[in-house]
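What follows is a set of notes on a single structure, which appears directly below.
Hydrogens, waters and symmetry mates are skipped; everything else that's a heavy atom, side chains included, is used. Naming convention: chains lettered A, B, ... in sequence-line order (proteins, then strands); numbering from 1 in each chain.
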Amino acid sequence: MLTVQPISDDGPVAKNPPQSNDPAGSEDVLKVTGRSVERYNPRVEEPRWQKAWDDARCFVVQPDDTRKPYYVLEMFPYPSGRIHMGHVRNYTMGDVLARYMRAKGHNVLHPMGWDAFGLPAENAAMQNKVHPKGWTYANIAAMKKQLKSIGLAIDWTREIATCDVAYYARQQQLFLDFLRVGLVDRKKSKVNWDPVDMTVLANEQVIDGRGWRSGAVVEQRELTQWFLKVSDYSEELLTALDTLDRWPEKVRVMQRNWIGRSEGLRLFFEVVPGEQTAATSIEVFTTRPDTIFGASFIAISADHPLAAELAAGNPELAGFIAETHRHGTATETIDKAEKLGRFTGLHVKHPVRPGATLPVYIANFVLMDYGTGAIFGCPAHDQRDLDFARRYGLPVIPVVLPETGDPDSFEIGDEAYTGPGRIYHSDFLDGLEIEAAKRAIAAHFGVRTVDGHPQGTVEVNYRLRDWGISRQRYWGCPIPVIHCEVCGTLPVPDKDLPVVLPEDVSFDRPGNPLDHHPTWKHVACPRCGGRATRETDTMDTFVDSSWYFARFTAPNAETPTIPAIANAWLPVDQYIGGVEHAILHLLYSRFFTRAMKKAGHLNLDEPFRGLFTQGMVVHETYRDAAGEWLSPADVVVTGGDVRSARHAKTGAAVDIGSIEKMSKSKKNVVDPDEIVATYGADTARWFMLSDSPPERDVQWTEAGIEGASRFLQRIWKLVADFLDREAEGPTAGATDDAGVADLRRSVHRTVANVGSEIEGLRFNRAVAQIYELANAIGRFSQATATAISPAQLAALREAVERLVQVVAPMMPHLAETCWAALGRSGLVIDAPWPEVDPALLLDSTVVIPVQVNGKRRGEITVPVGAPSDLVEKQALSLEAVARMLDGRSPRKLVIVPDRIVNVVV
RNA sequence: GCGGGCGUGAUGGAAUGGUAGACAUACGGGACUUAAAAUCCCGAGGGUGUAUACCCGUGCGGGUUCGAGUCCCGCCGCCCGCACCA
């Protein structure tokens, strides 16, 4: 799920000793105003509290818990072998929310699993002669250890890996259920074929049109494959987006565009009688029937049945079709390719210009998957059609006139006109607006017939295609189907499930190991008992990740879910992951939820009530004089305004490059293990939450992590310092309670604000609030350094305790140590989120800026809710305002209560 | 190519249409120290200026508004997704 570069031969990043002085491990003693405090040592404290939480089974969800359920889930990781900082960021965010919701009294489900099938395991198998299973489970073990070291509040008893037989067995049940309820289809579709390796390639394995391993030019090939009928739900998946009000708007927009609903006309063009084809008509789909009078050609897809028919007797056409197939299947490559076509020799009748005909082309930009696989081209009002028309010298007839256009002089240059306007040059459509013309032309074609059916029918079309789930690979969930030459394609009977992957496979031959396994695929037909073969395709790994969130609610059930339990937990209250999954994973999960509902495994439509997409972790890049990438661990950066870098060992000058997503290839990675070992998990967590808004990229810097570490020690010192003050007791005779009210206001405001910021996942703002409280406590301590009254001491204890509590979701280990030091019994994780006194959130006076003509000229202090006339009087009496008025009276006075005054002169 | 996003001091960023730069980092100065580290305090968007103060300033160009970082239109730059990477 979370994208990770596959582990390469050189293994994990070199483990260099950290260059910084060692903040966690040093035994030095901190001098605090004459007393001594030991530095907080995460290496001792973190394992200790992790064990304490484990022993108390804090995060294990109990079935009889009556508290309100709250399900927080982060996208589960692909087990690449090591976690990276992106994982730390992702899981820390979810963890903060989980811990906070727990403190707010919820029964929190926060599980973890592994998106464990997929291509990298097979690549590793081929490169390093390791078995995908062994490789995957070893990676899981390593990553689990790393995740545990960052102190996540996870119910590990629910851990699942999608490559566990127990998991994919239920996925096979789901597949067969979907088959039963009619959501599975089998049809042809295209794949990237490597003619040298004789294997199917993923899009990412096609580089510049060539196979990544063989370098051979990739071809498109048709294979019969399994599909899930996502398109049955096109309309519903679209309209239900409106109900997802806790999803980012940008994700909903992307999904809306992906589904791509368009209303248009399905339109038949009659083939001119006597042409060299059996076809009597060509059916096109268009969203712009209003431009029909501007039509100048017909284009059909290279995969259109008519194209195949015509190519049979025409080597040039056959060559062109073969040429278009010599590109990858990715939409991007198809879109970017030059718009090319070949005239087929056929003509069709122009449907509204009597006597006129249109030439029929085969074109490389017409997709068979969309609409009818054929279009009419109106070059004046579609850019692709225009490019095509200019190349092949076809007429360009404008039929939509912009409001400001002149009908006699309006011409189309290099850019098609796609804006609004009125139809002209179009006979009975002349003068109509675009939408009115669409209705008129639909009515016109609706009553005419071609080949016995209406010439035109209004139709809704979707860009969304069915989901092809067949993969010609080993490391995936076997599709539980048997092919019998006599009985056809049959589901594996329930009693024979699961279909288990064989382990004795070899990767030294090209192609799918399941296919050339000596025995695995040969079985008796479940119906006739004759010789039959298993389906050797496995499922797309997106299938695995489309229902794991449901499986977590009953991870050991014999059935895919236990509906009553799943319905109680789902939908996921807050789902957190990368924006790279905005379309496919999330759309497939939404489909799966509906499909599981139809099959009786769930009773809901939408799997994720709240969605949050977090940004990446990025880092500067470094290169030496030879242009080789260098790891940050090997580089020492110096200087402030003019930064420069040298190699840590050789001292050679190093170029500081751009800031990019952490990746193995550019070596700009920071290893979480090293960070945890050096600074501790709390510091890493804190830094990942600080500064950058969570939806945006965060830049990893040495200074940033150092700063986080300093703040952690500062909190510990605040607590230790306070304990010393408390041990000494109030100063004899001190009765001055100055600052108490301010401090308490600051404390209560912080508690309230941190809570609402965490609920909104605005962790950076929560962090800033906590800094401000720490500053306020520091100032208060300073002010009371010589004498402290009992009330001041009490306020200080309240402040320090609340500080520890608001810090607890983010730096949980530190918080536990502080809580214990403060003499509070129990774990801070079990302490309820502190109550806020609403009276302390209100100020009695407010400072209002006073503007003259929108520019700030001064400010006034007035009671909260002060009436306008008082505000006006004070504002106008300001010297700066009087000067600007220069004796005149204001033209206008804008007074926004408690916010601002603007004097317009 | 299509779709989506982002752009504010040296840096990360804050700012229901209402004091732009909270908070932090880096930097400079000071205190403490034999010294350093650590810690604490102070300074700081740019410009003119002793200062009061004034002018300019949120990628660029327009617009709406009493008031625009925020809303609208048009650009520029960077990033992400595009159905077999996960």
Side-chain angles (χ1 to χ4, degrees), chain A residues 1-6 21 23 28 30-33 39 75 77-78 80 115 118-120 191-192 200-206 250-251 253-254 256-258 260 329-337 339 365 369 383-384 464-465 467-473 540-542 545 578-585 587-588 616 618 639-643 658 660-661 690-693 695-699 701 703-704 706-708 710-711 713-714 717 764-765 767-772 775 778 782 847-851 853-856 858-859 880 891-894 896 899-904:
Chain A
M1 177 75 39
L2 287 172
T3 311
V4 187
Q5 301 280 328
N21 58 343
D28 57 336
L30 203 63
K31 284 219 169 92
V32 183
T33 55
R39 291 181 70 90
M75 291 179 183
Y78 179 79
S80 59
D115 190 16
L119 214 42
V191 295
N192 299 308
V200 175
L201 299 178
N203 282 336
E204 72 156 12
Q205 295 174 318
V206 180
K250 62 172 173 177
V251 174
V253 169
M254 281 191 259
R256 214 168 271 137
N257 289 328
W258 186 258
T329 57
T331 318
E332 188 187 352
T333 21
I334 295 165
D335 278 355
K336 276 187 182 166
K339 311 286 173 281
F365 61 93
D369 292 320
Q383 192 60 47
R384 285 177 309 182
L464 181 65
R465 310 199 295 253
W467 175 14
I469 60 160
S470 291
R471 298 291 181 272
Q472 295 69 37
R473 309 192 196 292
D540 178 8
T541 57
F542 269 124
S545 55
V579 70
E580 65 271 22
H581 295 294
I583 298 175
L584 294 181
H585 162 62
L587 193 68
Y588 292 151
M616 299 180 299
V618 297
D641 286 356
V642 188
R643 300 172 72 246
S658 58
E660 300 193 44
K661 176 179 179 172
S690 311
D691 291 354
S692 281
E695 69 277 9
R696 233 186 277 178
D697 292 351
V698 61
Q699 189 187 346
T701 61
E706 292 279 358
R710 268 202 298 278
F711 185 64
Q713 295 295 348
R714 193 171 143 213
K717 210 187 77 156
N764 58 320
R765 304 207 305 203
V767 163
Q769 294 276 337
I770 292 171
Y771 274 117
E772 289 194 54
N775 290 343
Q782 205 93 49
V847 177
I848 301 179
V850 178
Q851 301 178 327
N853 290 338
K855 269 191 198 303
R856 181 183 173 278
E859 58 188 32
R891 194 157 63 92
K892 187 174 174 184
L893 203 59
V894 181
V896 183
R899 293 231 60 126
I900 204 161
V901 177
N902 191 8
V903 183
V904 186

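- Using a 4.0 Å heavy-atom criterion, one finds that A/R710 contacts the sugar-phosphate atoms exclusively.
- A donor-acceptor pair under 3.5 Å is formed between the side chain of A/K339 and the backbone N or O of A/A337.
- Shown here, B/G17 forms no base pair; nothing in the strands shown gives a Watson-Crick or G-U wobble contact with both key distances under 3.5 Å.
- With a 3.5 Å ceiling on both atom-pair distances, the Watson-Crick or G-U wobble partner of B/U48 is B/A53.
- Here the side chain of A/L464 is nearest to one of B/G81, B/C84, B/A83, namely B/A83.
- The base of B/C84 sits within donor-acceptor range of the side chain of A/Q472, with an N or O pair under 3.5 Å.
- Below the 3.5 angstrom threshold, one finds no donor paired with an acceptor across the side chain of A/R696 and the base of B/C6.
- At a threshold of 4.0 angstrom between heavy atoms, the contacts of A/N775 are confined to the sugar-phosphate backbone, with no base atom among them.
- Across all strands shown, A/F542 has heavy atoms under 4.0 Å from base atoms, whether or not it also approaches the sugar-phosphate.
- Shown here, B/C60 forms a base pair with B/G74; the pair counts as Watson-Crick or G-U wobble because both key distances fall under 3.5 Å.
- At a cut-off of 3.5 angstrom, counting only N and O atoms as typed in the model, there is a donor on one side and an acceptor on the other between the side-chain of A/D691 and the base of B/G12.
- Summarising the geometry, the separation between CG on A/L584 and P on B/G81 is reported as 11 Å, rounded to the nearest angstrom.
- Of the candidate nucleotides B/C56, B/A14, B/G18, B/A14 has the atom nearest to the side chain of A/N764.
- Residue A/V904 is in sugar-phosphate contact alone, with no base atom involved, counting any heavy-atom pair closer than 4.0 Å across all strands shown.
- Ranking B/G13, B/A86, B/C82 by closeness to the A/D115 side chain, first place goes to B/A86.
- The partner of B/A10 is B/U25, judged by Watson-Crick or G-U wobble contacts that both fall below 3.5 Å.
- Rounding to the nearest 0.5 Å places CG of A/L587 at 10.5 Å from CZ of A/F542.
- For A/R899, the side-chain atoms get nearest to B/G18 when compared with the rest of B/U39, B/C84, B/G18.
- The residue A/V200 sits close to a base: some heavy atom pair falls under 4.0 Å.
- At distances below 3.5 Å, at least one donor-acceptor pair connects side-chain atoms of A/N192 with backbone N or O atoms of A/L201.
- Taking only side-chain nitrogens and oxygens, A/T331 comes nearer than 4.0 Å to OP1 or OP2 of B/A83.
- When both distances must be under 3.5 Å, the Watson-Crick or G-U wobble mate of B/A37 does not exist.
- With B/G4, B/A22, B/A26 as the choices, the nucleotide that has an atom nearest any side-chain atom of A/N257 turns out to be B/G4.
- Under the 4.5 Å side-chain criterion, counting only non-hydrogen atoms from C-beta, A/T541 is not in contact with A/Y78.
- Comparing B/C84, B/A86, B/A22 against the side chain of A/E580 picks out B/A86 as the nearest.
- The nucleotide whose nearest atom lies closest to any side-chain atom of A/D335 is, among B/G1, B/A86, B/U19, B/G1.
- Heavy atoms of A/R714 sit under 4.0 angstrom from primed sugar atoms or phosphate atoms, though from no base atom.
- In this structure, B/C2 and B/G81 make a Watson-Crick or G-U wobble pair, each of the two defining distances being under 3.5 angstrom.
- Nucleic acid contact class of A/V191 (heavy atoms, under 4.0 Å, all strands): base.
- No hydrogens or angles were tested; on distance alone, a donor-acceptor pair under 3.5 Å links the side chain of A/Q851 to the base of B/G18.
- Between A/V896 and A/A703, the residue anchored nearer the 5' end of RNA chain B, judged by the nucleotide with its closest heavy atom, is A/V896.
- In B/G62 the base sits anti relative to the sugar, since the glycosidic angle is further than 90° from 0.
- With a cut-off of 3.5 Å on both pairing distances, B/U65 has no Watson-Crick or G-U wobble partner at all.
- With hydrogens and angles left out, the side-chain atoms of A/R714 and A/N775 include a donor and acceptor closer than 3.5 Å.
- With B/G18, B/A20, B/C40 as the candidates, the nucleotide lying closest to the side chain of A/N902 is B/G18.
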